[in-house]
Amino acid sequence: MLEDIRNIKSTKKEHREFGLTIGIILVILGLVALWRGKGLCPYFFVSGAFFIFFALALPGFLKPFQKTWMTFSVVIGFFVSRLILSVLFFAVLTPIGIISRIFGKDILDERIDKTRESYWKEREAEPKDRKSYENQY
């Protein structure tokens, strides 16, 4: 995670994109607040105009904002990805494993059968032509 934070790109192009993106989002939120009759619309418009102005005029001024925002997104992404993978594992894969054990299904053919001589699976030899070498798998 620290390596990802150190590798955050911070050029004028990234500052400009960051400022324009945040500014446009804030202006859209201001429009939604104005449409719904909320009193917060001037704050959204002013802060959106601030980001858009500095993105176009002085993108270097937005460097601390961009670095802070991207660091925050890396930290949030670290935790959210692990949360999603954990939920996926325990909500999908664990029930599949439990159900397959209940029904005695051995998906990977891992059971050891001491009466078998070999676990080698014989395949019939197929005649090869030139086309079969192009698609090996």
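Sequence positions, counted from 1, serve as the residue numbers for this chain. All values below come from the heavy atoms of this structure, side chains included, with hydrogens, waters and symmetry mates left out.
There is no path of hydrophobic side-chain contacts, each under 4.5 Å, that joins Phe72 to Val75. Grouping the Ile, Leu, Val, Met, Phe, Trp and Tyr side chains by contacts below 4.5 angstrom, directly or via other members, places Met70 with Ile25. Two different hydrophobic clusters hold Ile24 and Tyr43 under the rule that ILVMFWY side chains link at heavy-atom gaps under 4.5 Å. Hydrophobic clustering (side-chain heavy atoms under 4.5 Å, transitive across Ile, Leu, Val, Met, Phe, Trp, Tyr) keeps Phe54 apart from Leu20. No path of Ile, Leu, Val, Met, Phe, Trp and Tyr side chains, each step under 4.5 Å between heavy atoms, connects Ile52 with Ile22, placing them in separate hydrophobic clusters.
Around CZ of Phe103, the count of heavy atoms belonging to other residues, nucleotides or ligands within 6.0 Å does not exceed 12. Around NZ of Lys63, the count of heavy atoms belonging to other residues, nucleotides or ligands within 6.0 Å does not exceed 12. Heavy-atom neighbours of Arg36 CZ from other residues, nucleotides or ligands within 6.0 Å: at or below the threshold of 12.
With values rounded to the nearest 0.5 angstrom, Leu58 atom CG is found 8.5 Å from Lys12 atom NZ. Distance check: Leu29 CG to Phe45 CZ gives 10.0 Å after rounding to the nearest 0.5 Å. Here OG of Ser81 is found 11.0 Å from CD1 of Ile76. Values are rounded to the nearest 0.5 Å. Annotation: the span from Ile107 atom CD1 to Arg101 atom CZ amounts to 10.5 Å, rounded to 0.5 Å.
Closest of all the heavy-atom pairs between Phe61 and Pro64 is O-CD, 3.5 Å. Pairing each heavy atom of Leu26 with each of Phe51, the nearest pair is CD1-CD1, 3.8 Å.
Using a 30° and 60° split on the angle between ring planes, Phe18 and Trp69 fall in the tilted class, from 30° to 60°.
Side chains of Phe44 and Val27 form no contact here, defined as non-hydrogen atoms less than 4.5 Å apart.
Shown are Glu17, His15, Gln66; of these, the side-chain contact (heavy atoms from CB on, under 4.5 Å) with Pro59 is made only by His15.
With hydrogens and angles ignored, the 3.5 Å screen pairs no side-chain donor or acceptor of Thr94 with any backbone N or O of Ala91.
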